[in-house]
Amino acid sequence: MQLTRIPFFKDSTDVDLSKFDRRCTWKKFEENEVVVDFEDETADVYFIVTGEVRILIRTPAGKEVILAEMKAGQFFGELSAIDNVPRSANVTALTRAELCIMPPAVFLDIIYASKSACEKVLRLLTARVRDGNSRLTEHSVYDLKHRLYSELLRLSSPRPGHENQRTVSPPPFHHVLAARIGCRREQVTRELSSLTGDGIIEKTRGALVICKPKVLEQRLSEAMRNDG
């Protein structure tokens with residue numbers, strides 16, 4: 001296997017990747033198989049070649065909160081490679097997946113040797129900090145239903161052939177949405193039923209349609225203005 005298969009290294013022409021190929025391993029994971037777990041003391045970086053994974057954290061009380069889902073072309077584990085601190089999250093395969101497992105020393109060698117790779121990592125870390133700040137603000141300002149509005153918009157994409165509508169496809173499970181915004185499944189079910197009754201969303205085969213995304217955006221803006 002070659003690192004040139006990995007999108008992250010596509011433009012890294014300023015480093016000879018071939019000398020790092022044999023220092024990496026390639027592994028396939030089955031659906032629902034744990035890739036890394038909480039407090040894992042390994043510091044490898046994982047590049048997703050095919051498939052999808054879910055990243056979540058667990059509170060001291062045992063509550064799980066979904067941080068992200070990642071697809072082919074993305075990677076995770078760079079924080080432990082940089083600071084050598086045990087894993088703070090669990091990563092589980094959502095589908096059958098193939099990952100390139102890169103030892104931390106290899107990852108750092110490439111970053112130090114390649115300006116383009118280093119810039120990509122810096123941009124990635126910056127984006128994650130900004131996203132974290134945004135989510136922290138939402139949890140500080142928004143109540144449950146507004147956090148749900150924000151998450152639905154974040155997960156959605158424009159609906160082809162339907163101007164001003166958006167879709168979440170496939171439709172998210174209620175317990176997954178609850179884990180994303182920090183509440184109980186029953187609360188999500190109740191709020192989605194209310195949105196459906198108001199004609200703001202509807203469930204179709206294979207997708208959750210946001211019929212009136214501007215209404216959700218307006219509600220979020222009003223909540224932000226009225227904070228405090």
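Source: prediction; values computed, not measured. In what follows, every heavy atom counts, from backbone to side chain, and hydrogens, waters and symmetry copies are set aside.
Distance check: N90 CG to R58 CZ gives 6.5 Å after rounding to the nearest 0.5 Å. Put simply, CD1 on I55 and CD on Q74 are 8.5 Å apart, with the number rounded to the nearest 0.5 Å. Expressed to the nearest 0.5 Å, how far OG1 of T95 lies from NZ of K71 amounts to 10.0 Å. Here the CG atom belonging to L67 is positioned 5.0 Å from the CD1 atom belonging to I57, to the nearest 0.5 angstrom. Rounding to the nearest 0.5 Å places CZ of R154 at 4.5 Å from CD of E138. Atoms CG and OG, from D109 and S114 in turn, are 12.0 Å apart once rounded to the nearest 0.5 Å.
Applying the side-chain hydrogen bond (donor to acceptor under 3.5 Å, both in side chains) criterion to D131, with sequence neighbours excluded, gives R135.
Between T126 and R123 there is no side-chain heavy-atom pair separated by less than 4.5 Å. A 4.5 Å side-chain heavy-atom check between F8 and L3 finds every atom pair outside the cut-off. Residues I82 and L125 form a side-chain contact, since some pair of their non-hydrogen atoms from C-beta on lies under 4.5 Å apart. Side-chain atoms of D21 and S18, non-hydrogen and from C-beta on, do get closer than 4.5 Å to each other. Within the 4.5 Å cutoff, the side chain of L99 has no heavy atoms near those of the K27 side chain. Taking the side chain as every heavy atom from C-beta outward, T167 and S156 never approach each other to under 4.5 Å. Side-chain atoms of D44 and T25, non-hydrogen and from C-beta on, never get closer than 4.5 Å to each other. No side-chain heavy atom of I110 sits less than 4.5 Å from a side-chain heavy atom of S12.
Contact detail for A117 and I111: the closest heavy-atom pair is O-CD1, 3.8 Å. When all heavy atoms of V15 and A113 are compared, the closest pair comes out as CG2-CB, 4.0 Å. Contact between T42 and S80 at its shortest, heavy atoms only, is O-CB, 4.2 Å. Pairing each heavy atom of E30 with each of A93, the nearest pair is O-CB, 3.4 Å. The nearest pair of heavy atoms linking I210 to L152 is CD1-O, 3.8 Å. Of all heavy-atom pairs between Y142 and L220, the closest is OH-O, 3.5 Å.
Within 6.0 Å of atom CZ in R184, 12 or fewer heavy atoms from other residues, nucleotides or ligands are found, so the atom counts as exposed in its surroundings. When the shell of 6.0 Å around CZ of F173 is examined, it contains 12 or fewer heavy atoms from other residues, nucleotides or ligands. Around CZ of R128, the count of heavy atoms belonging to other residues, nucleotides or ligands within 6.0 Å exceeds 12. Atom CG of N84 is surrounded by 12 or fewer heavy atoms from other residues, nucleotides or ligands within 6.0 Å.
Note on residues 197-220: pairs passing side chain to side chain donor-acceptor pair (under 3.5 Å), not counting sequence neighbours, are Y149-R219, Q218-E222. Residue pairs meeting the salt bridge (Lys or Arg N to Asp or Glu O under 4.0 Å) criterion with at least one member in residues 160-182, sequence neighbours excluded, are E69-R180, E151-R180.
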T92 and L56: CA distance, side-chain angles, deciding distance, side-chain contact (heavy atoms from CB on, under 4.5 Å) verdict: CA-CA 9 Å; T92 299; L56 57 82; 6.0 Å; no
Determine, stepwise, if the pair V209 / Q165 fulfils side-chain contact (heavy atoms from CB on, under 4.5 Å). CA-CA 7 Å; V209 179; Q165 292 190 0; 3.6 Å; yes
Please report the C-alpha distance between R96 and K28 in whole Å, then the side-chain angles of each, then the deciding distance to 0.1 Å, and finally whether the side-chain contact (heavy atoms from CB on, under 4.5 Å) criterion is met. CA-CA 7 Å; R96 295 184 66 182; K28 294 182 179 180; 5.6 Å; no
Test side-chain contact (heavy atoms from CB on, under 4.5 Å) applied to R130 and S134, step by step: CA-CA 6 Å; R130 292 185 187 280; S134 177; over 6 Å; no
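If you chain together hydrophobic residues whose side chains sit under 4.5 Å apart, V36 and L79 never meet in one group. Tracing side-chain contacts under 4.5 Å through hydrophobic residues (I, L, V, M, F, W, Y), one reaches V45 starting from L124; they form part of the same cluster. No single ILVMFWY cluster, assembled from side-chain heavy atoms under 4.5 Å apart, contains both F75 and F29. Placement of M102 and V53 in two distinct hydrophobic clusters is found when ILVMFWY residues are connected by side-chain heavy-atom separations under 4.5 Å, directly or transitively. V215 and V168 fall within the same hydrophobic cluster, defined by Ile, Leu, Val, Met, Phe, Trp and Tyr side-chain heavy atoms under 4.5 Å apart, directly or through other members.
Ring-plane geometry between Y46 and F76 is classed as parallel, the angle between the planes falling under 30 degrees on a 0 to 90 degree scale with a further cut at 60.
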